[in-house]
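Beneath this line is the structure, given in structure tokens, with notes to follow.
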2 protein chains.
Amino acid sequence: MNIGQAAEASGLPAKTIRYYEDIGLVPPAARRDSGFRDYGTRDVHVLRFVARARGLGFTVEECRQLLALWQDQDRAAGDVKRLTQERIALIDDKIAQLQALRATLDHLARSCHGGDRPDCPILDGLAQDETP
Amino acid sequence: MNIGQAAEASGLPAKTIRYYEDIGLVPPAARRDSGFRDYGTRDVHVLRFVARARGLGFTVEECRQLLALWQDQDRAAGDVKRLTQERIALIDDKIAQLQALRATLDHLARSCHGGDRPDCPILDGLAQDETP
DNA sequence: GATGAACCTTCCAGCAACGGGAAGGTCAAG
DNA sequence: CTTGACCTTCCCGTTGCTGGAAGGTTCATC
């Protein structure tokens, strides 16, 4: 199948598939005489794997590792679990940061009357010399 | 003061200050005869404002708007509040997405024994044809 | 067989928001 | 006078794509 159909089947844009091939995340696709890339179901399976891992927030580099582990019959499940737990820890950090930001912004927004008058505690808060 | 001291005082790296000047987020600094940038307390105040807004997750473009509002004596507090609430909504979306990711990853990780054996439900999960 | 649309190819450029580092100028201390 | 810590501009690299230009292919239709 052509790249367009592989894109459809994998859920990745064609551009992204070419990009992944460029950076060596997925192996180069077979080519027809015309030069068109030619994908089989096995290739699509790999693309779907990558699409799902990216969708779960794994970086491209992590996807590379996960793919290698996936295709390694002798892999240890522990390696995969470790990668996954590291990613969970990063997500937890990110969530905590965002929640702190949200709290600060919410505090600022609640203290602001929001009318047409120019006095605004949000700007005052941002302008303060000390971080609360 | 030199850019290094302004960096120290504002909490922004010198590189970032130059960058903000480049893209017109902050006005060009005064220059000495030597060509060195020269900052006063007013400039540092602006830089601190930007540093704080960026730290709260406002994009550079939003900072541009906030700065304009900050310096506009006739601004309406409602404009600032709206910007802030939009940012809160974005943060909420982001948090929800991350929590969903975390749940999926956690589910995968918990189902994985994590030992030396090759059978790994995480990889199996990523390889599935259907998203759960 | 010609035409047109819908594909495909490569390459080049750019997004956010900086950071690294080169090549060179300046300043204050010893 | 020299050393070392600053400063200047400039250009490239990052992450993960996305858009567009210029051109080739395929397939249906006239």
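By convention in this document, chain letters (A, B, ...) are assigned in the order of the sequence lines, proteins followed by strands, and residues within each chain are numbered from 1.
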Only counting residues at least two apart or in another chain, list the ones meeting side chain to side chain contact (heavy atoms under 4.5 Å, CB included) with B/D79.
B/L69, B/A76, B/R82
Reading DNA chain D 5' to 3', which nucleotide is the first, and which the last, to come under 4.0 Å of any heavy atom in chain B?
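Listing 5' to 3', DNA chain D meets chain B from D/dC7 to D/dC10.
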Identify, residue by residue, the members of residues 22-40 of chain B with a heavy atom below 4.0 Å from DNA chain C, and return them in order of residue number, or none.
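By residue number: B/S34, B/F36.
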Listing time: all N or O pairs from protein to nucleotides 2-4 of chain C that are below 3.5 Å?
none

Side-chain heavy atoms under 4.5 angstrom apart, residues restricted to Ile, Leu, Val, Met, Phe, Trp, Tyr: same cluster for B/L90 and B/V60?
no
Exam field: side chain A/R102 to backbone B/D92, donor-acceptor pair closer than 3.5 Å:
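No: the side chain of A/R102 does not pair with the backbone of B/D92.
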Hey, does the side chain of A/Q97 reach the backbone of A/K94 with a donor-acceptor pair shorter than 3.5 angstrom?
no
Sort me out a list of protein N/O and nucleotides 16-20 of chain C N/O pairs below 3.5 Å, or just none if empty.
unit_1, atom_1, unit_2, atom_2, d
C/dA17, OP2, B/V60, N, 3.4
C/dC18, OP2, B/Y20, OH, 2.4
C/dC18, OP2, B/R54, NE, 2.9
C/dC18, OP2, B/R54, NH2, 3.4
C/dG19, OP2, B/T16, OG1, 2.9
C/dG20, N7, B/K15, NZ, 3.1
C/dG20, O6, B/K15, NZ, 2.5

Any idea how B/W70 and B/H45 line up, ring-wise: parallel (<30°), tilted (30 to 60°), or perpendicular (>60°)?
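Taking B/H45 first and then B/W70, their aromatic rings stand perpendicular (interplane angle over 60°).
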Lys/Arg-Asp/Glu bridge criterion (N-O < 4.0 Å) met for A/E61, A/R64
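A salt bridge is present here (some side-chain N lies under 4.0 Å from a carboxylate O).
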Are A/D106 and A/R110 ion-paired here, with the side-chain N under 4.0 Å from a carboxylate O?
yes
The helix from C/dG1-D/dC30 to C/dG30-D/dC1: angle between its terminal axes, five pairs each, to 10°?
30°
If you count the non-hydrogen atoms of other residues, nucleotides and ligands that lie under 6.0 Å from CD in A/E8, is the total more than 12?
no
